[in-house]
Amino acid sequence: MINLTVDGILQEGASASDGFGLFTSKSVVAMRVNGELRDLAHKLADGDVVEGVEISSEDGLNILRHSAAHVLAQAVQTINPEAKLGIGPPIRDGFYYDFDVVDSFTPEDLKALEKQMERIIRSGQRFVRRVTNDGDARIELSGELYKLELIGLKGSDLGEGSAEVGAGELTIYDNVDPQSGETVWRDLCRGPHLPNTRMIGNGFALTRVAAAYWRGNENNKQLQRIYGTAWPTKDELRAHQERLEEAARRDHRRLGTELDLFSFPEEIGSGLAVFHPKGGIIRRVMEDYSRKRHEESGYDFVYSPHITKSNLFEISGHLGWYADGMFPPMKMDEEIDENGVVRKQGQDYYLKPMNCPFHILIFKSQARSYRDLPLRMFEFGSVYRYEKSGVLHGLTRVRGMTQDDAHLFVTPDNMEQELTDVIGFVLGLLRDYGLDDFYLELSTREEGNPKFVGADDIWEKATATLQKVATATGLELVPDPGGAAFYGPKISVQARDAIGRTWQMSTIQLDFNLPERFDLEFTAADGSKQRPVMIHRALFGSIERFFGVLTEHYAGHFPPWLAPVQVVGIPVADAFSDYLHSVAAELRKHGVRVMVDDSDDRMQKKIRNHTKDRVPFMLIAGGEDADSGAVSFRFRDGSQENGVPVDVAIERILEAIKTKAQV
RNA sequence: GCCGACUUGGCGCAAUUGGUAGCGCACCUCACUUGUAAUGAGGUGGUUAGGGGUUCGAGUCCCCUAGUCGGCUCCA
């Protein structure tokens, strides 16, 4: 008889000695004992504080997925005993397991492995924890070289490998066949696990195979990784798969083709996009509005060339630490005349990977006074970065892009006000584009790491300032210690889209390095020379990327102010084309992007076409409408409103455009 | 960059074990003139990403190059 506190209630003289006795609900799959996750089989001691872990909780799902990963590994080694085990942790929505195998897995292999997993699951093997020690484990797992490496690393920072060996005792989980009582498989593992494999149920699926570097280091061997997903029920698995399908339907690469917005012609090269007329309208409207807002907020518009002599990026330091990410130089060789005299000096020119040094030169073009500051320079600056081929992804990771880039040169005294203004500006503008669910991330330096440049006091002041202005927004603030660039701390704005995915949008970054390198200064009120602080800030990140994010956010249903075609007129029959043309002419006078579909398709076909094209307003007119001076609205969702007087219809359309409403 | 898969007319897809490229949409022509998601008929269009090889014969097999996709690593 022991005393336990179970789910917050004190049980004196409890008869149960483990979780099986304590929790009768089948949905409790593990427990927290004094804060530590334990198997249900864990023997409880007097005074323990115990909480049941529901399978649908975050901990429960992780345990389910981790157990599924074990079953996958067992299945792989059943089919291929030569496979060596890497690590197999739970991840968001699922799990993976890494294997060292001679031949990589195929989709057919996955089918076979799923079948094998089902067999293991149905056999109801028990997961049994066994404490071991380094020496015994090394003997027992002598064939598993990766596991041996993990044993050697026990206690150090393993990242995802921490599912294998934790800080406490070294443990192995045996899979015990319930009929024979024999151990049929084992894995080095910290646990905990489900009581038995049967509880994994049928809500799992293997999803894909991929290569992954052992312990995440690209200098290490690549292992074959199998990804899977696992849920408490088949229905939840199905719901997850439907979420993936919804994301696929919204994929901007697919919509870019379907809606004729942009393409990546192979002839131009990887990661280099062209915008088609319809995408061009959206982009231009995005840019126009951004320009207008910047103008209203006191930014100066500047322009700079796409290429520069190497010298500029030597001063900035980019060639020193970032040359791999830049396109290689255009070499202008020196010319020597017949007398051996250098007529023209050789030069390397580079495509710019960033705009800051150019803006700095504008700052330096004259002596600056504290009265000039803050100085805010804005440019839609096109930059080129030689991203590795494997990382390119639609518009969100490209090699040529245009940043909505600004650099603010401020005095240390300006800093707080300026940062407050910038963050307000950023959030306001993002909201205008239809994103309104944000959180902030504050990236700070790692204490004691010498790679971070700049004086301690200015780091402290800058970090405190960022913290203060970020907190003042009232948004959730996630710390990112050690995530700062070496030259300064930053705030990044993370936005959640319509289906809950988060995208890193704007960054606001302080820079103590470039003002130093370029020896920037201004004359203070007391006549002394002082160094300004630089703030880098991009709202969209890049226009291309933001375009991609908005496309996915709206699933192609751009709000009227952004839609390439805002209104399309559809006559019920040819005879009503002229009537709709006159309505269109009136709309056009107000700057509305409108067309009348007077092709000889049938009306139903036109409705179908323009619905698929995501035109926000379809205006339909036939005899009834023409007679009464009205039109009928049809919207993208299929709803309709008939007999709306033309002037009312026009007013509604103009209002929706003006207010940036979604329809 | 690494591992794997993939690349067939503008788009989406077919083509038994290698036997000599088809379909839908789009496009063009003609007819039809229609009240809320596909009118009918006819037609144009591909040396199967590019190059090389094996073979009597290659979209199908092999190699190289480019591109795409999924991951890994990376993202100043």
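Within every chain, numbering begins at 1; the chains are lettered A, B, ... in the order of the sequence lines, protein sequences first and strands thereafter.
- If you take CG of A/Leu110 and C1' of B/A5, they are 12 Å apart, rounded to a whole angstrom.
- Atom name C1', nucleotides B/G46 and B/C13: the rounded distance is 14 Å, in whole Å.
- Remark: the separation of the C1' atoms in B/A26 and B/C11 is 7 Å, to the nearest Å.
- Taking the ring centre of A/Tyr386 as origin, the terminal cationic atom of A/Arg399 falls inside the region bounded by 6.0 Å and 45° from the ring axis.
- Salt bridge annotation for A/Glu246-A/Arg243: absent, with no cationic side-chain nitrogen under 4.0 angstrom from a carboxylate oxygen.
- Between A/Arg399 and A/Pro353, the residue anchored closer to the 5' end of RNA chain B is A/Arg399, taking for each the nucleotide with the nearest heavy atom.
- Here, B/G45 and B/G4 have their C1' atoms 35 Å apart, quoted to the whole Å.
- A centroid separation of 6.0 Å or more is found between the aromatic rings of A/Tyr487 and A/Phe512.
- Aromatic rings of A/Trp231 and A/Phe204 (six-membered ring for Trp) have centroids beyond the 6.0 Å cut-off, not under it.
- A/Gly390 comes within 4.0 angstrom of a nucleotide base, judged by non-hydrogen atoms across all strands.
- A/Phe264 comes within 4.0 angstrom of no nucleic acid atom, judged by non-hydrogen atoms across all strands.
- Ring to ring, A/Phe409 and A/Phe363 are close: their centroids are under 6.0 angstrom apart.
- With the nearest nucleotide of RNA chain B identified for both A/Asp251 and A/Met401, A/Asp251 has the one nearer the 5' end.
- Between A/Glu149 and A/Arg215 there is a salt bridge, since a side-chain N of the basic residue sits under 4.0 Å from a carboxylate O of the acidic one.
- In summary, the aromatic rings of A/Phe486 and A/Trp321 are positioned with their centroids under 6.0 Å apart.
- Residue A/His393 is classed as a sugar-phosphate contact, given heavy-atom separations below 4.0 Å to backbone atoms only.
- Looking at heavy-atom distances under 4.0 Å, A/Ser270 makes contact with sugar-phosphate atoms alone, never a base.
- With respect to the salt-bridge test (charged N to carboxylate O, under 4.0 angstrom), the residues A/Asp348 and A/Lys309 do not qualify.
- Non-hydrogen atoms lying under 4.0 Å from RNA chain B are contributed by A/Ala485, A/Tyr487, all within residues 483-491 of chain A.
- Residue A/Ala211 is in base contact, counting any heavy-atom pair closer than 4.0 Å across all strands shown.
- When the side-chain nitrogen and oxygen atoms of A/Arg208 are compared with OP1 and OP2 of B/G70, none of them lie within a distance under 4.0 Å.
- Contact between the side-chain N/O atoms of A/Arg253 and the OP1/OP2 oxygens of B/C11 is not found at any separation under 4.0 Å.
- With rounding to whole Å, A/Gln222 atom CD is found 9 Å from B/C2 atom P.
- Going from atom NE2 of A/His610 over to atom C1' of B/A26 covers 14 Å, rounded to whole Å.
- Relative to the side chain of A/Ser389, the nucleotides B/G67, B/G1, B/C72 differ in distance, and B/G1 lies closest.
- With A/Phe633 as the aromatic partner, A/Arg652 meets the cation-pi criteria of under 6.0 angstrom to the ring centre and within 45 degrees of the ring axis.
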Review point. If you write RNA chain B from 5' to 3' in dot-bracket form, with Watson-Crick or G-U pairs under 3.5 Å, [ ] for crossing pairs and | for pairs with another strand, what do you get?
Key: (((((((..((((.....[..)))).(((((.......))))).....(((((..]....))))))))))))....
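- The existence of a salt bridge linking A/Asp260 and A/Lys278 is excluded, since no basic side-chain nitrogen approaches an acidic carboxylate oxygen closer than 4.0 Å.
- Residue pairs meeting the salt bridge (Lys or Arg N to Asp or Glu O under 4.0 Å) criterion with at least one member in residues 534-552 of chain A, sequence neighbours excluded: A/Arg283-A/Glu544, A/Arg501-A/Glu552.
- Geometric assessment of A/Arg65 against the ring of A/Phe95 yields a negative cation-pi assignment under the 6.0 Å and 45° thresholds.
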Please list, for nucleotides 41-51 of chain B, all pairs of protein and nucleotide N/O atoms separated by less than 3.5 Å.
none

Exercise for review: Starting at the 5' end of nucleotides 30-35 of chain B, put B wherever the base has a protein heavy atom under 4.0 Å, S where only the sugar-phosphate does, and a dash everywhere else.
Suggested key: --BBBB
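- A/Val398 is linked by a side-chain contact (heavy atoms from CB on, under 4.5 Å) to A/Phe264, A/Met401, counting only residues two or more places apart in sequence or in another chain.
- B/U54 and B/U47 have their P atoms separated by 24 Å, given to the nearest Å.
- A/Ile620 places none of its side-chain heavy atoms less than 4.5 Å from the side chain of A/Lys606.
- With distances taken from any side-chain atom of A/Gln224 to the nucleotides B/G70, B/G67, B/C3, the minimum falls on B/C3.
- A/Tyr213 places its OH atom 10 Å from the P atom of B/C74, with the value rounded to the nearest Å.
- For A/Arg385 against B/C74, a side-chain-to-base donor-acceptor contact under 3.5 Å is absent.
- Residue A/Lys605 is classed as a sugar-phosphate contact, given heavy-atom separations below 4.0 Å to backbone atoms only.
- Look at CZ on A/Arg92: it is 17 Å from C1' on B/G71, rounded to the nearest Å.
- Note: CH2 (A/Trp321) to P (B/C75) measures 14 Å, nearest angstrom.
- Going from atom CG of A/Leu408 over to atom CD1 of A/Ile535 covers 5.0 Å, rounded to the nearest 0.5 Å.
- At whole-Å resolution of the value, CD in A/Glu267 and C1' in B/G10 are 14 Å apart.
- Here the P atom of nucleotide B/C2 and the CG atom of A/Asn217 are 16 Å apart, to the nearest Å.
- Within the cation-pi definition used here (under 6.0 Å to the ring centroid, within 45° of the axis), A/Lys352 does not qualify as a partner of A/Tyr384.
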